[in-house]
Q: 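Following this message is one structure expressed as structure tokens.
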Amino acid sequence: MVLADDDFIVRETLREVIPWEEYGITIVGEAEHGQQAFDLCSELAPDILFTDIKMPFMDGLEVAMNLKEAGSKTKIIIISGIQDFNYAKTALEINAEGYILKPIKINDIREVITKVVSNIDMERNMHHKIEQLKQQLNGNSRLMKEKFLRDLLLGVTFNGQEIRDKLDYFQLPLQADTCLMVAVMQMDNYLKQIENKKEAEKQLMSFSIQNITDEIFRNYDAGIVHCLNENEFVLIFNEKSQHDDKHIQICEEMIQSLFKYLKISVSIGTGNQVGSIDRVYASYKNAVHAVQHKFYMGLRSIIRIEDITNRHAKRELDSMDYTNLFEAENRLIGFIMLGDTNGGLQLLDTIFNGFLNSDVESIRGFCMELISGTYRKVYEMGEDLERILPNRNLVLFNILKAEHIQEMKLLMTSIFVEAANYYTQKYNQKHMDLVNKIKAIIKRQYTQNLSLSEIADEVFMSVTYICSVFKRETGETINEYLNQVRMEEAGRLLKTTKMKIWEIAEGLGYDNHNYFSTAFKKYTGLQPQQYRNEHK
């Protein structure tokens, strides 16, 4: 700490009366005026500057402001004999750690010093923790373990001994044959929280979330935390953590801790209890379904699967075989949203071919879940449900009524094609609207030095996207169309005006008239002057 006061007696009193060593503080310098205080802080970079406001050459507030402008991290504690709101307001604006009024009270100093030292320790610990996290990000030793957990959650089949061997090898604190429960944690307003963040910052944020949740899980010996996707943290609770709803208390602590330390809001959905680790995919499926309801429950919510489904529906979900079908359902819904009819029909064929030896009720359950999942996705996107999936209740009734696999396949195929065609038409119209906008921009600005980036900015799309859409819909590139518009106008000007060729080139946005002549010949087969002569 640097101590600054123009009164020697005040400095001596502060140095002798306060047991600085008890707070881990060493006074490394003293200053009798503001300029000296600033110079000492610039040279020594102390953690704390304890300064009076009224001093010669430069007052305490000026010293603090100059240090702040210089990028100093020194914490400022200000002593003032003036009870003036403007001084206090200025101290707040420069982020002073404390503002102590004279006459100085020892308890006031102790309170401020305790707070400042605590803040410094906390910042150092956080910096150290972040450095540790950055080092861990560079490692890839956990990839195999993460793949194993991902496979378990997505329903990839392992035999019992293989699971036990992997649990032992990866030192996972789970037992293969005990009751487990899965919860899924997601950040609320995720897109807003990652807005303007670089990839490294997003990865560090994700890693920080896992670090805090890991620590809480270890404190309770509750199981494991696994980051399955960028905004999907899977919590696998062991049997002990489920007694007396202990897992709910743990979820509440995680939500509060993440908001307190990282200012990140999360919600958690909990699945059903399963009897062994090879069934965690069913609990995971329930948890994903539950956490989707955070949009209705509000921020920082805990949603249990039993809160949104009745007991009969819960048993049905738990008993259904979701091996590989959960991923297939998401892919089918993706094909619908992309309007990819062929891709979706091929996947449906593959799925139903795999159902040939399955019981009808399992197939019926999958079909109903697919319809419900598609309906939810369409609703979330704000689309007209009746236009895409009319008479949903009738569709579900027909699925329940179907008694043969082929009948059910025909029903699902007709529904899929109808929904995919809607999006195909929508995207075709959307793409044509975009093409027409691009053509309008070119016809309006072809005389300028128009770039693809400027066109993309005007239609609020990326360069890659507009080039892809324009080429697919017209069969030519944007630059080819721009060149065509310019060449057609050049031909008209050559035929109808006496403008010089260089004047025509400049008027069409070409900086080099020789390049214009070359481009014109490539387009028409004639040099500009030859073209003019032939069309007199």
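Remember, it's a predicted structure, so these values are computed and weren't measured experimentally.
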Q: Partners of Y190 by ring pair (Phe, Tyr, Trp, His ring centres under 6.0 Å), sequence neighbours excluded?
A: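 Ring pair (Phe, Tyr, Trp, His ring centres under 6.0 Å) check on Y190 returns nothing, list empty.
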
Q: Look only at the side chain of S468 and the backbone of T464, and say whether a donor-acceptor pair between them is shorter than 3.5 Å.
A: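 No, the answer is negative, given that no donor and acceptor are paired below the 3.5 Å cut-off.
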
Q: So, Q242 side chain and C179 main chain: donor-acceptor pair closer than 3.5 Å or not?
A: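 Yes.
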
Q: So, using salt bridge (charged side-chain N to carboxylate O under 4.0 Å, His left out) as the criterion, who are the partners of E111 when residues are at least two apart?
A: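 With sequence neighbours excluded, E111 shows a salt bridge (charged side-chain N to carboxylate O under 4.0 Å, His left out) to no residue whatsoever.
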
Q: Looking at residues at least two apart in the chain, or sitting in another chain, which of them share a side-chain contact (heavy atoms from CB on, under 4.5 Å) with N483?
A: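 Checked N483 against side-chain contact (heavy atoms from CB on, under 4.5 Å); matches are M487, Y510, A519, Y523.
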
Q: Establish, from distance only, whether the side-chain atoms of S276 and D278 form a donor-acceptor pair under 3.5 Å.
A: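 There is such a pair (donor and acceptor under 3.5 Å, judged by atom type) between the side chains of S276 and D278.
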
Q: What residue pairs, at least two apart or across chains, pass ring-ring contact (aromatic ring centres under 6.0 Å, His included) with a residue in residues 210-232?
A: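 Residue pairs with at least one partner in residues 210-232: F217-F237.
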
Q: I need the full list of salt bridge (charged side-chain N to carboxylate O under 4.0 Å, His left out) pairs touching residues 440-450, with sequence neighbours left out, sorted by first then second residue.
A: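 Only R444-E458 qualify under salt bridge (charged side-chain N to carboxylate O under 4.0 Å, His left out).
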
Q: Quick one about N211 and S208 (side-chain donor to acceptor, distance below 3.5 Å, no hydrogens or angles considered), yes or no?
A: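 Looking only at side-chain atoms, N211 and S208 do not form any donor-acceptor pair under 3.5 Å.
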
Q: Any donor and acceptor pair, going by atom type alone, linking the side chain of Q193 with main-chain N or O of D188 inside 3.5 Å?
A: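 Yes, Q193 side chain to D188 backbone: donor-acceptor pair under 3.5 Å.
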
Q: Mind checking ring pair (Phe, Tyr, Trp, His ring centres under 6.0 Å) for F416 and listing every partner two or more places apart, or none if nothing turns up?
A: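 F416 satisfies ring pair (Phe, Tyr, Trp, His ring centres under 6.0 Å) with no residue once adjacent residues are dropped.
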
Q: Excluding sequence neighbours, so at least two apart, what forms ring pair (Phe, Tyr, Trp, His ring centres under 6.0 Å) with Y284?
A: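 Y284: ring pair (Phe, Tyr, Trp, His ring centres under 6.0 Å) contacts with F326.
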
Q: Strictly below 4.0 Å, N to O, side chains only: are E369 and K285 in salt-bridge contact?
A: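 Between K285 and E369 there is a salt bridge, with a charged N closer than 4.0 Å to a carboxylate O.
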
Q: Using side-chain contact (heavy atoms from CB on, under 4.5 Å) as the criterion, list what pairs up with D245, not counting sequence neighbours.
A: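 Counting only residues at least two positions away or on another chain, D245 forms a side-chain contact (heavy atoms from CB on, under 4.5 Å) with H247, I248, R304.
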
Q: Going by atom types alone, do E199 and Q203 pair a side-chain donor with an acceptor below 3.5 Å?
A: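 Side chains of E199 and Q203: pair found under 3.5 Å.
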
Q: Got a sec, which residues hit side-chain contact (heavy atoms from CB on, under 4.5 Å) with S118, two or more places apart in sequence or on another chain?
A: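 So S118 forms no side-chain contact (heavy atoms from CB on, under 4.5 Å) with any residue.
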
Q: Is atom CG of D244 surrounded by more than 12 heavy atoms (other residues, nucleotides or ligands) closer than 6.0 Å?
A: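 12 or below, so no.
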
Q: Under the rule for side-chain contact (heavy atoms from CB on, under 4.5 Å), what residues qualify as partners of K437, not counting sequence neighbours?
A: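 V459.
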
Q: With no hydrogens and no angle check, is any side-chain donor or acceptor of Q210 less than 3.5 Å from a backbone partner on V225?
A: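 Pair found, side chain donor or acceptor close to backbone of V225.
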
Q: Could you tell me whether E489 and R486 have a side-chain N and a carboxylate O separated by less than 4.0 Å?
A: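 R486 and E489: not salt-bridged.
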
Q: Mind checking what makes salt bridge (charged side-chain N to carboxylate O under 4.0 Å, His left out) contact with E454, not counting sequence neighbours?
A: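 So E454 forms no salt bridge (charged side-chain N to carboxylate O under 4.0 Å, His left out) with any residue.
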
Q: Going by atom type alone, with no hydrogens or angles, which donor-acceptor pairs under 3.5 Å involve a side-chain atom of residues 165-177 and a protein atom two or more places apart or on another chain?
A:
residue, atom, partner, partner atom, Å
D165, OD1, Q161, NE2, 2.8
D177, OD2, R164, NH1, 3.3

Q: Does Y481 form a side chain to side chain contact (heavy atoms under 4.5 Å, CB included) with I442? I'd like the steps, not just the answer.
A: CA-CA 8 Å; Y481 179 77; I442 289 174; 3.5 Å; yes

